[in-house]
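Note sheet for the following structure.
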There are 2 protein chains.
Amino acid sequence: MLIGELSKRAGVTAHTIRFYEKSGLIRGKRDERVKSNKYKHYDEETVEKLMLIRDAKSVGFTLAEIGQLIDAWYSRRMPVAHKLTVLNEKLVSLDERIRQLKAMKKMISQYKQDVADGHC
Amino acid sequence: MLIGELSKRAGVTAHTIRFYEKSGLIRGKRDERVKSNKYKHYDEETVEKLMLIRDAKSVGFTLAEIGQLIDAWYSRRMPVAHKLTVLNEKLVSLDERIRQLKAMKKMISQYKQDVADGHC
DNA sequence: TTAAAGTATAGACTATACGCTAAGGTTGTT
DNA sequence: AACAACCTTAGCGTATAGTCTATACTTTAA
């Protein structure tokens, strides 16, 4: 599929897709048999990758981290041991974030209680 | 205390403190009796606010959101009902973030299992 | 066949959250 | 009085993650 269809399928603008491609997160390929244009073609995996980017961004991963994640997810060349290391790192950082979020929840809840009780 | 001491107490550079002040998150006040300089003085509450900013930033709140939080926390003028509304909004968004983080953890764990089992 | 719609590249622009430097005045110690 | 250490405003620079504009070529539909 071309960038327009990819854009619709993934719910991401063509501009942003090009930005991700320039950042090395995804890659389209030209059809070498076609000489008249330089249109890039994208596959189903790219749709998945864009969805992964969206989800991972929403939990606070940076594009650099998401790049590592995509490599661990889709690279045929990365050794399994390295993939597991990357995935474990991400799991640890997710746990740490959850821990911090819970601490913040506790703080806000406590303060809410104080406000409600008139200690303000 | 002056900005240098505040900086040390809160572990934030003077530059960043000035940036926060310009952003409306904190406020120092000049001693009007002193005419020879324009030094600003900060109180203990400001140290607390800077710590709150640090913690809230680490869980992904933007400075704009942190501004609302600080108002709910410290404003003497904001009605209690409004404070509670703001705090409840933050609690809801924290729960949503925790939910997303857990979903991402699940995804990565599942994929890790697949990789470990050689389905890659 | 020509106008609309799609694609490519390059580069300028935006917002957030700072970091850094300059140029100047003030305070404290010796 | 000299000098370090501190404070002020102003403004430019940086990284991330886009967003938009300009220019130009290609494809598609009427």
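First the proteins, then the strands, lettered A, B, ... as listed; each starts at 1. Note that these values count all heavy atoms, side chains included, but never hydrogens, waters or copies made by symmetry.
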Checklist entry - Between B/E5 and B/K8, is there a side-chain N and carboxylate O pair less than 4.0 Å apart? => result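 Between B/K8 and B/E5 there is no salt bridge, as every charged N stays at least 4.0 Å from the carboxylate O atoms.
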Checklist entry - Is B/E96 salt-bridged to B/R99, going by a charged N under 4.0 Å from an acidic O? => result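 Salt bridge between B/E96 and B/R99, a charged N being under 4.0 Å from a carboxylate O: yes.
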Checklist entry - Roughly how many Å is it from CG in B/D31 to P in C/dT27, rounded to a whole number? => result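 About 11 Å, once rounded to whole Å.
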Item to check | Atom-to-atom span, CD of A/E65 to P of D/dT16 - whole angstrom | outcome: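 About 12 Å, once rounded to whole Å.
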Next on the checklist: Can you tell me how far apart CD1 (A/I53) and CG (A/L63) are? Round to the nearest 0.5 Å.
Outcome noted: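 Nearest 0.5 Å value for the CD1-CG distance: 7.0 Å.
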Next on the checklist: Quick check for you: among C/dT26, C/dT7, D/dT26, whose closest atom lies nearest to any side-chain atom of A/N37?
Outcome noted: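 Side chain of A/N37 sits closest to D/dT26.
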Checklist entry - Counting side-chain heavy atoms from C-beta on, which of C/dT27, D/dT27, D/dC7 comes nearest to B/S36? => result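 Minimum distance to the B/S36 side chain belongs to C/dT27.
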Checklist entry - For B/T46, which residues count as a side-chain hydrogen bond (donor to acceptor under 3.5 Å, both in side chains) partner, sequence neighbours excluded? => result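 By the side-chain hydrogen bond (donor to acceptor under 3.5 Å, both in side chains) rule, B/T46 matches B/D43.
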Checklist entry - With no hydrogens and no angle check, is any side-chain donor or acceptor of A/E65 less than 3.5 Å from a backbone partner on A/T62? => result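 Such a contact is found between A/E65 side chain and A/T62 backbone.
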Next on the checklist: Checking the side chain of B/Y20 only, and the main-chain atoms of B/L50 only, is there a donor and an acceptor separated by less than 3.5 Å?
Outcome noted: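 Answer holds: no.
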Item to check | Results of side-chain contact (heavy atoms from CB on, under 4.5 Å) for B/R54 - residues two or more places apart only | outcome: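 So B/R54 forms a side-chain contact (heavy atoms from CB on, under 4.5 Å) with B/M51.
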Item to check | B/H15: side-chain contact (heavy atoms from CB on, under 4.5 Å) partners, not counting sequence neighbours | outcome: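 B/H15 satisfies side-chain contact (heavy atoms from CB on, under 4.5 Å) with B/T13 once adjacent residues are dropped.
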Item to check | Residues which pass salt bridge (charged side-chain N to carboxylate O under 4.0 Å, His left out) with B/K40, listed by chain and number, not counting sequence neighbours | outcome: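 Listed in chain order: nothing, the list is empty.
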Next on the checklist: Using OP1 and OP2 only, check whether a side-chain N or O of B/K35 sits under 4.0 Å from C/dG25.
Outcome noted: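 Checking B/K35 against C/dG25: no side-chain N or O falls below 4.0 Å of OP1 or OP2.
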Item to check | Side-chain N or O of A/K40 closer than 4.0 Å to phosphate OP1/OP2 of C/dT9 | outcome: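 Answer is yes, contact under 4.0 Å.
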Checklist entry - Considering only heavy atoms, which members of residues 8-27 of chain A lie under 4.0 Å from some atom of DNA chain D? => result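 Result for residues 8-27 of chain A: A/H15, A/T16, A/F19, A/Y20, sorted by number.
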Item to check | Of residues 41-63 of chain A, the positions that come close to DNA chain D - non-hydrogen atoms, cut-off under 4.0 Å | outcome: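 A/K57, A/T62, A/L63 - these, ordered by number, are the residues of the stretch whose heavy atoms sit under 4.0 Å from the strand.
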Item to check | 5' priority, DNA chain D, between A/V34 and A/A64 [closest heavy atom] | outcome: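 That would be A/A64.
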Checklist entry - Of B/K38 and A/L2, whose closest DNA chain C nucleotide lies nearer the 5' terminus? => result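 The residue closer to the strand's 5' end, by nearest nucleotide, is A/L2.
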